[in-house]
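Here the structure is laid out as structure tokens; the discussion comes afterwards.
Convention: sequence-line order gives letters A, B, ...; per-chain numbering from 1. Predicted model, so just to flag it, every value in this text is computed and none were measured.
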Amino acid sequence: MSLGSYKINLKNEAPEEGEFLMKKEIRVRFAPSPTGPLHIGGARSALFNYLFAKHFNGTLILRMEDTDQERSSREAEENIKQSLKWLGIEWDEGIDVGGDFGPYRQMERLNLYRKYVERLLEKGKAYKCYCSEEDLKAERERMKQRNEMPRYTGRCRDLTEEQCLALEREGKRPVIRFRVPEGRILTVNDLVRGKVQFETDGIGDFIILRSDGIPTYNFAVVVDDALMQITHIIRGEEHLSNTPRQLLLFEALGLKVPEVAHISLILGKDRSKMSKRHGSTSVAEYRKRGYLPEALVNFLALLGWAPEGEEEIFSLEELIQNFSLNRVSKSPAVFDLEKLKWINGYYIRKSPIERLVALAVPHLQQAGLIGEELSAAERDYLTKVVEIVRSNLSCMEEINLYARQFFIDSIEFEDEKAKGLLMQERVPEVLELFQRKVEGADEINSREAKSILKEISKELNLGGKKVFMPLRVALTGQKHGPELHELISVLGPARAVQRVRNAMKQVRKG
RNA sequence: GGCCCGUUGGUCAAGGGGUCUAAGACACCGGCCUUUCACGCCGGUAACGGGGGUUCGAAUCCCCCACGGGUCGCCA
């Protein structure tokens with residue numbers, strides 16, 4: 001893979017074609033449009049850019065492509081930044097942190113684009129177009145109907161100066177279109193796809209400057225990528241078909257074309273582009289549901305990139321070490337929630353308990369299982385609970401499911417079958433004996449609990465399930481859960497006795 | 001519809017002419033551990049889209065077809 005090298009200058013000058021320096025610095029960018037929360041696909045693009053940059057000790061730039069004023073918002077920008085930070089993707093240059101190539105919001109760079117538009121206009125490589133949006137839309141529809149390629153037909157291509165003035169006197173505000181050369185074949189050497197070719201005849205003259213003077217995406221990216229001296233463009237496959245337009249622009253402006261790499265899309269379970277109907281799509285949602293950032297990062301990295309060995313668990317640091325565009329897959333990947341859950345569960349099992357407790361608190365509060373303020377004792381209790389249920393969790397959201405039984409006053413039977421376990425023949429004896437052995441103790445550790453259980457089994461001459469299952473149900477209402485002796489130890493004598501007593505009442509009632 | 005990209009088990013994927021009677025992971029199934037569940041450990045089922053070439057030999061190279069996806073905006 002060739003790593004382009006650029007001269008770094010501090011003025012806002014784009015390097016002319018062929019202008020190199022020996023110094024090798026990788027400069028990549030993540031350039032989202034702040035029109036919504038950071039999407040899983042965007043997060044993966046950002047991650048790949050980050051890994052690539054850090055692997056080569058390069059620079060990651062965060063730039064906001066906010067030229068769509070209708071849909072852009074500061075709120076979305078905030079969400080994107082927060083999500084990136086949460087994932088551990090730190091940018092070296094750009095929004096908030098600054099840098100020598102700013103500003104990093106396109107709407108703050110308007111005057112920079114003007115110069116380049118002028119340049120094209122002067123050279124006749126771009127022209128003014130006065131067609132109304134409505135006309136063009138209708139025309140597009142007509143062409144679609146007739147199964148023709150829906151593209152601009154070039155009506156204003158050869159307007160004279162006089163004609164332009166006349167139209168402007170009528171009050172028409174022009175857009176600027178780029179004159180696409182005819183009959184050329186453009187070649188791009190994509191770092192993940194290899195050689196890809198396009199014919200310019202398939203591209204209509206496209207708009208580079210809107211009637212309100214704001215540049216469109218294709219134009220702004222080219223100018224910015226050049227001015228910011230981006231060496232590698234790593235982005236989603238949906239941009240592959242924009243590449244020829246950008247190539248043309250780089251060429252017309254006399255700017256050096258960065259290397260490009262298009263990574264495949266992330267699909268939903270039905271193999272169509274991932275969208276809301278496939279479930280959660282934003283990073284923020286996964287965060288909220290109790291996925292750990294390192295798990296999401298690990299999972300996203302594996303979605304489209306394959307490590308060399310057989311290991312699949314990687315920290316961010318290890319990903320940086322091992323990442324390579326050579327091992328990025330060309331084919332789209334289905335987002336497999338099951339695997340994410342597995343990876344997340346893995347990290348949950350490895351996490352320090354304090355961290356898990358902190359993450360569990362909001363979920364339990366929301367479910368009304370714990371209060372706003374926790375006393376030291378409550379916190380202590382919660383810690384023990386988390387400790388014994390953590391192995392069941394695939395995300396922290398599930399804590400409510402497994403921890404519920406430890407926080408409610410009276411037990412709830414899971415189902416009739418569970419209740420039925422209490423109605424068996426010698427259950428009263430078991431419960432009574434248990435109560436007698438536990439009552440009055442300040443606390444019981446799990447070893448003691450274990451031997452108490454053994455004693456009961458021995459003294460009543462009852463084996464196996466006859467002791468364990470009724471007690472489990474009496475204490476939790478559930479047929480499954482953490483090991484009985486641990487459960488008893490966590491619950492503590494007082495709570496255990498109270499629950500057993502309640503259970504006995506139930507038994508008597510039948 | 002045009003253009004572009006893709007196609008190895010249910011999913012992510014390794015592989016890049018012979019070592020492929022095709023790796024690994026998730027999921028699934030079975031067993032062990034455990035008088036429950038989970039975790040953990042062990043094992044199993046399961047794949048080169050189809051057709052033509054090239055070659056002594058093709059999952060790997062070429063062509064065609066099929067299917068999937070992307071894109072054709074004063075969105076990015």
task = Provide the closest heavy-atom pair for Phe48(A) versus Leu303(A) in the form atom of the first, atom of the second, distance.
result =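 Reported closest heavy-atom pair: CZ-O, 4.0 Å.
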ask   = So, for Pro258(A) and His232(A), which heavy atoms are closest and what is the spacing to 0.1 Å?
value =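 Taking Pro258(A) first and His232(A) second, the nearest heavy atoms are CB-N, 4.3 Å.
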[N] base / [X] side chain donor-acceptor hit below 3.5 Å:
X         : N      : value
Asn242(A) : A76(B) : yes
Ser211(A) : C74(B) : yes
Glu312(A) : G24(B) : yes

query = Taking the nucleotide of RNA chain B with the closest heavy atom to each, which residue, Leu240(A) or Asp212(A), is nearer the 5' end?
reply =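 Counting from the 5' end, the first nearest nucleotide belongs to Leu240(A).
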task = Please figure out whether Phe335(A) or Arg210(A) has its closest RNA chain B nucleotide nearer the 5' end.
result =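 It is Phe335(A), whose closest nucleotide lies nearer the 5' terminus.
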task = Please assess Ile234(A) against Glu259(A) for the test side chain to side chain contact (heavy atoms under 4.5 Å, CB included), listing each intermediate value before the final yes or no.
result = CA-CA 8 Å; Ile234(A) 303 170; Glu259(A) 301 280 340; over 6 Å; no
Let me know the distance between [atom1] of [X] and [atom2] of [N], rounded to the nearest Å.
X         : N      : atom1 : atom2 : answer
Ile348(A) : A38(B) : CD1   : P     : 16 Å
Asp224(A) : A76(B) : CG    : P     : 12 Å
Glu308(A) : A23(B) : CD    : C1'   : 14 Å
Asp66(A)  : A76(B) : CG    : P     : 10 Å
Tyr127(A) : C74(B) : OH    : P     : 12 Å
Leu422(A) : U36(B) : CG    : P     : 18 Å
Lys450(A) : U34(B) : NZ    : P     : 9 Å
Glu338(A) : C29(B) : CD    : P     : 12 Å

inquiry  = Less than 4.0 angstrom from a charged side-chain N to a carboxylate O is my criterion; do Lys81(A) and Glu75(A) meet it?
reply    =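 Salt bridge: no.
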query = In terms of side-chain geometry, is the basic nitrogen of Lys273(A) or Glu237(A) positioned less than 4.0 Å from the acidic oxygen of its partner?
reply =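 Looking at Glu237(A) together with Lys273(A), the answer is no, because their closest N to O distance does not fall below 4.0 Å.
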What nucleotide among [options] has an atom nearest to a side-chain atom of [X]?
X         : options                : value
Asp68(A)  : C26(B), A14(B), A76(B) : A76(B)
Glu310(A) : C26(B), G24(B), U35(B) : G24(B)
Lys330(A) : A27(B), G6(B), C75(B)  : G6(B)
Trp342(A) : A76(B), A25(B), C4(B)  : A25(B)
Arg71(A)  : G6(B), C74(B), C75(B)  : C75(B)
Lys339(A) : C26(B), U36(B), A13(B) : C26(B)
Thr67(A)  : U36(B), G40(B), A76(B) : A76(B)
Glu483(A) : U36(B), C4(B), C74(B)  : U36(B)
Ser33(A)  : C12(B), A76(B), C74(B) : A76(B)
Asp336(A) : G6(B), A76(B), C26(B)  : C26(B)

query = Which of residues 387-403 of chain A have a heavy atom under 4.0 Å from RNA chain B?
reply =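 Per residue number, the list reads Ser391(A), Asn392(A).
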By the 4.0 Å heavy-atom rule, please label [X] as base, sugar-phosphate, or nothing.
X         : answer
Val334(A) : sugar-phosphate
Pro244(A) : nothing
Ser457(A) : base
Lys273(A) : sugar-phosphate
Phe198(A) : sugar-phosphate
Gly304(A) : sugar-phosphate
Arg271(A) : sugar-phosphate
His262(A) : nothing

request  = Convert the base pairs of RNA chain B into dot-bracket notation, remembering that pairs crossing earlier ones are written with [ ] and that bases paired across to another strand are shown as |; include only Watson-Crick or G-U pairs under 3.5 Å.
outcome  = (((((((..(((.....[.....))).(((((.......)))))....(((((..]....))))))))))))....
message = If the cut-off is 4.0 Å, is Arg349(A) near the phosphate of G40(B), judged by side-chain N/O to OP1 or OP2?
response =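 Result: yes.
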inquiry  = Please determine whether the number of non-hydrogen atoms from other residues, nucleotides or ligands lying under 6.0 Å from atom CD of Gln197(A) exceeds 12.
reply    =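 Yes, enclosed.
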request  = Rounded to whole angstrom, note down the C1' distance from C32(B) over to A14(B).
outcome  =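 Per the computed distance, 30 Å lies between those C1' atoms.
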ask   = If you measure from the C1' atom in U45(B) to the same atom in U11(B), how many Å do you get, rounded?
value =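 16 Å, rounded to whole Å.
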Donor-acceptor under 3.5 Å ([X] side chain, [Y] main chain):
X         : Y         : answer
Arg327(A) : Pro307(A) : yes
Asp201(A) : Glu182(A) : no
Asp190(A) : Ile263(A) : no
Arg390(A) : Ser351(A) : yes
Glu318(A) : Ser315(A) : yes

inquiry  = In terms of relative ring orientation, are Phe335(A) and Phe299(A) parallel, tilted or perpendicular, with 30° and 60° separating the classes?
reply    =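 Ring orientation, 0 to 90° scale: perpendicular.
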